[in-house]
2 protein chains.
Amino acid sequence: MRMAELSRESGVAAATIKYYQREGLLPPGELTSPNQARYDATHVRRLKLVRALLEIGGLSVAAVREVLTAIDDPATSTHDVLGLAQHGLPVLKSEVSDEDRAWAMERIEAAAVARDWELFPESPLIEALVSVLCTLREVGHDWVLDALDRYFAAAEEVAEADVGALARRGSTEAIVEGAVVGTVFGDALLATLRRLAHAQASRKRFNA
Amino acid sequence: MRMAELSRESGVAAATIKYYQREGLLPPGELTSPNQARYDATHVRRLKLVRALLEIGGLSVAAVREVLTAIDDPATSTHDVLGLAQHGLPVLKSEVSDEDRAWAMERIEAAAVARDWELFPESPLIEALVSVLCTLREVGHDWVLDALDRYFAAAEEVAEADVGALARRGSTEAIVEGAVVGTVFGDALLATLRRLAHAQASRKRFNA
DNA sequence: CTGAATGGATAGCTCCACTATCCAAAATGA
DNA sequence: TCATTTTGGATAGTGGAGCTATCCATTCAG
């Protein structure tokens, strides 16, 4: 398979494919001569994954590169990848006052204890969580957090399903790639379903 | 309050505030003379909301404008806003083959029936959902969908909490603004918690 | 009265994700 | 064989988004 076919197969313009190669999102084809290369099904697959991460996952090209680097690195362990998979999130480093942080941590810890979670307060995920809570407070909508424990419960529900499904996969590479894909696409899936469920819940409560 | 103070209070550069005004994200101040305006706490609050929608919600300026227009429109009803709140999602219109669509709809309907949801197959939300499922299939990771019913369950869990919390709010405007804010920020909250929960679930399953 | 700040208009900046052009070296088809 | 595509690789250009900077006439503060 050469460039034209790879482009047709994947639905991505040839110039864009070359761009992705330059950016390290797609490995080079196997060179048959100094200026001819051959591609195969793995390139098609990788290309589809890149497009999906960009379009559905909403990742930047740089974020996609990081994610793919982790997938391709044989040293990446299953445990690593679950910690790494936050690369998709806009890592927000908003400055938060000490008292706001304390308020947020109190809320988080209360909900975590109730579900028997063990927290590592200095992890970037906790940072992100604190940011979200404080921002909600800032804009005067901290009532959202009245349901924080149910958010925890829902997150636990899907996470257990995710880890279960992941564990059922075969090789380490399959698990690593699955973790990344599941994390990114699961967000989109969950967000969409939540909106659908809003419609259901509001019908159930007000109309029926 | 004049520009300098509004800027200090909100942490947004004056030039940026002017830009937001031009873009219709922030109402003009009350003119005291042809070229002097006064601002108040509502402007500070709105500004913080704009920043939060941009940074945490990840919305574009155009999307923020739509959302705020809906909030400000007195004609927006509670029911409207829950349908409208999908404005935050990247509305993906990927072309899907008929058989892929059929495959996706089958999965979706099965899960919906199990939870007693009523679907409207031509709604944009269903379209988005079909896109996500088909893309997962395309990239060879449809095993994620083995847990689709648990995603439905989790979505229902949070949606009911959302609608319940919303119903507890007072005025119509409070509900409308709450719906938008809750939808956008809830996504960020849920995504972050899901990653935290991944760590918990993987510890529980493999380490403990 | 004087210097700083303001609202409003306009132009410019940086980054990002592509896209287009060019070239010499294959590949293809007659 | 030999004209015509196609290719990989390099480089430059494009368009949109989200600010940011400059200018100007007016107005405010000391």
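In what follows, chains carry the letters A, B, and so on, assigned in the order in which the sequence lines appear, proteins first and then strands, with residues in each chain numbered from 1.
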Show each protein N/O and nucleotides 27-30 of chain D N/O combination with a separation under 3.5 Å, one pair to a line.
residue, atom, partner, partner atom, Å
D/dC28, OP1, B/S33, OG, 3.4

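Taking a heavy-atom distance under 4.0 Å as the criterion, the stretch of DNA chain C touched by chain B extends 5' to 3' from C/dT6 to C/dT10.
A/E127 has a carboxylate O that lies under 4.0 Å from a charged side-chain N of A/R101, or vice versa, which qualifies the two as a salt bridge. One finds a salt bridge joining B/R194 and A/D162 here, because a Lys/Arg side-chain nitrogen approaches an Asp/Glu carboxylate oxygen to under 4.0 Å. Ion pairing between a basic and an acidic side chain is recognised when a charged N comes within 4.0 Å of a carboxylate O; B/D187 and A/R195 show such pairing. Under the 4.0 Å criterion applied to side-chain N and carboxylate O atoms, A/E156 and A/R150 are not assigned as salt-bridge partners.
With 3.5 Å as the limit, one finds no donor-acceptor pair spanning the side chains of A/H43 and A/E9.
Separating the CD atom of A/Q21 from the P atom of D/dG8 is a distance of 7 Å, rounded to the nearest angstrom. The separation between B/K18 atom NZ and D/dC19 atom C1' is 14 Å, rounded to whole Å. Here the C1' atom of nucleotide D/dG18 and the CD atom of B/E55 are 12 Å apart, to the nearest Å. Following rounding to the nearest Å, A/R22 (CZ) and D/dG8 (P) show an atom-to-atom distance of 13 Å. One can place CD of A/E5 at 14 Å from P of D/dT6, the figure rounded to the nearest angstrom. Put simply, OH on B/Y19 is 14 Å from P on D/dG16, counting in whole angstrom units. A/L26 has its CG atom 11 Å from the P atom of D/dG8, to the nearest Å. Atoms CG (B/L47) and P (D/dG18) sit 16 Å apart, rounded to a whole Å.
Contacts of A/A14 with the nucleic acid, taken as non-hydrogen atoms under 4.0 Å apart, are absent. When heavy atoms are screened at a 4.0 angstrom cut-off, B/A37 is found touching the sugar-phosphate backbone but no base atom. Residue-level contact check: A/R8 touches neither bases nor backbone, having no heavy atom under 4.0 Å from any strand. Within 4.0 Å of B/R65, counting heavy atoms only, lies no atom of the nucleic acid at all.
Listed by chain and number, the residues in a side-chain contact (heavy atoms from CB on, under 4.5 Å) with A/S97 are A/E99, A/D100 (sequence neighbours excluded).
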Could you please spell out the steps behind the salt bridge (charged side-chain N to carboxylate O under 4.0 Å, His left out) verdict for A/R46 and A/D72?
CA-CA 11 Å; A/R46 169 57 59 98; A/D72 294 336; 2.8 Å; yes
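For the pair B/M3 and A/Y20, both in contact range of DNA chain C, the more 5′-proximal nearest nucleotide belongs to B/M3.
The heavy-atom pair separating B/V176 from B/A70 by the smallest distance is CG1-O, 4.0 Å.
Phosphate contact (OP1/OP2 of D/dT7, side-chain N/O of A/Y39, threshold under 4.0 Å): absent.
Under the 3.5 Å distance criterion, the side-chain polar atoms of A/R38 are left unmatched by any main-chain donor or acceptor of A/E30.
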